[in-house]
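Data block below; observations after.
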Amino acid sequence: MIEINFNLVKSLFNLFSGQESDSDNDFIILARREVREILVPNVNETDERISFLCAAIANYRYQQAKAAADNSMYTYAGEMIKAKKNTPLAFAESMLRDYYQLCRNIIKPQNFVFMGFSKGDVSDD
């Protein structure tokens, strides 16, 4: 199993998210597992890109959780707060895409599954 430097990822996560966390962070633990699963076999463990990708994933998951809490808040008039394009989540997603691109030669190709659902058989006209 590939060993990802937790302390380095934590430092990068703190930098990306602006969150100062001294304890083990569940987002980092989840991201480390996710990165281990997508890396190609025999990847060089000392490749710094692995830590950056891991921190970017952890930051993205953290911003998703934060956005879910923020978007469920209501204004005084009872309307829901609308998400904007320039949110921390949008920036985290953009950064994550950049790190995936940077690591494209050390991660397994990602497969896409397209599915369709219908009410019934096509012949049920």
Side-chain angles (χ1 to χ4, degrees):
M1 179 178 358
I2 294 173
E3 187 56 39
I4 300 172
N5 185 333
F6 183 85
N7 291 327
L8 176 57
V9 173
K10 187 165 91 171
S11 295
L12 291 167
F13 172 77
N14 290 342
L15 175 69
F16 295 165
S17 69
Q19 175 190 7
E20 290 297 323
S21 173
D22 292 331
S23 63
D24 288 357
N25 188 308
D26 291 335
F27 295 106
I28 295 172
I29 294 167
L30 177 66
R32 287 172 67 202
R33 177 178 292 233
E34 190 174 335
V35 168
R36 280 189 193 113
E37 290 176 3
I38 65 171
L39 290 175
V40 296
N42 303 322
V43 69
N44 182 356
E45 290 187 28
T46 61
D47 192 329
E48 302 85 18
R49 296 176 296 172
I50 295 171
S51 297
F52 278 86
L53 177 61
C54 191
I57 291 172
N59 179 50
Y60 179 69
R61 301 288 181 229
Y62 169 72
Q63 297 301 338
Q64 277 182 317
K66 239 177 95 178
D70 292 347
N71 284 338
S72 64
M73 296 172 60
Y74 292 88
T75 64
Y76 181 73
E79 294 180 7
M80 209 162 176
I81 297 173
K82 296 190 173 62
K84 299 175 185 172
K85 289 192 319 190
N86 296 330
T87 63
L89 178 59
F91 289 119
E93 183 178 0
S94 176
M95 182 172 34
L96 180 58
R97 277 193 220 128
D98 289 343
Y99 283 114
Y100 268 118
Q101 182 64 24
L102 182 68
C103 297
R104 69 189 174 278
N105 64 333
I106 61 171
I107 60 176
K108 297 173 192 169
Q110 303 297 307
N111 296 325
F112 295 95
V113 176
F114 295 97
M115 298 171 62
F117 298 95
S118 69
K119 204 171 183 179
D121 233 13
V122 176
S123 61
D124 285 346
D125 294 338

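All residue numbers refer to positions in the sequence shown, counting from 1.
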Practice problem: For Tyr60, check ring pair (Phe, Tyr, Trp, His ring centres under 6.0 Å) against everything at least two apart and list the hits. | Solution: none

Quiz prompt | Qualifying residues under side chain to side chain donor-acceptor pair (under 3.5 Å), relative to Asn105, sequence neighbours excluded | solution = Arg49

Practice problem: May I have all residue pairs that pass side-chain hydrogen bond (donor to acceptor under 3.5 Å, both in side chains) and include part of residues 30-41, sequence neighbours excluded? | Solution: Glu3-Arg32, Glu34-Arg61

Quiz prompt | side-chain contact (heavy atoms from CB on, under 4.5 Å) against Val40, all qualifying residues, sequence neighbours excluded | solution = Val43, Lys108

Quiz item: Going from NZ on Lys66 to CG on Leu89, what distance comes out if it is rounded to the nearest 0.5 angstrom?
Solution: 10.0 Å

Quiz prompt | Aromatic centroids of Tyr62 and Phe16 separated by under 6.0 Å | solution = no

Self-check item: Contact summary for Cys54 and Ala31, nearest pair of heavy atoms
Solution: O-CB, 3.3 Å

Self-check item: Interatomic distance, Ser11 atom OG to Phe6 atom CZ [nearest 0.5 angstrom]
Solution: 10.0 Å

Quiz item: What distance separates Phe27 CZ from Ile57 CD1, expressed to the nearest 0.5 Å?
Solution: 13.5 Å

Quiz item: Quick one: do Leu30 and Phe13 end up in the same hydrophobic cluster if we chain Ile, Leu, Val, Met, Phe, Trp and Tyr together by side-chain heavy atoms under 4.5 Å apart?
Solution: no

Exercise. With the side chain counted from C-beta on, respond yes when Ile38 and Leu53 share a heavy-atom pair under 4.5 Å apart, and no when they do not.
Key: yes

Practice problem: Quick one: pull up NZ in Lys10 and OG in Ser17 and give me the separation to the nearest 0.5 Å. | Solution: 12.0 Å

Quiz item: Rounded to the nearest 0.5 Å, how far apart are CG of Asn5 and OG1 of Thr46?
Solution: 11.5 Å

Identify all side-chain donor-acceptor contacts of residues 93-102 below 3.5 Å with residues at least two apart in sequence or on another chain.
residue : atom : partner : partner atom : Å
Glu93   : OE2  : Arg97   : NH2          : 2.7

Self-check item: Val35 side chain near Val9 side chain, heavy-atom distance below 4.5 Å
Solution: no

Quiz prompt | For Asn42, all residues meeting side chain to side chain donor-acceptor pair (under 3.5 Å), sequence neighbours excluded | solution = none

Self-check item: Nearest heavy atoms of Ile50 and Asn44, plus distance in Å
Solution: CD1-O, 3.6 Å

Quiz prompt | CG-CD1 distance between Asp47 and Ile4, expressed to the nearest 0.5 angstrom | solution = 11.0 Å

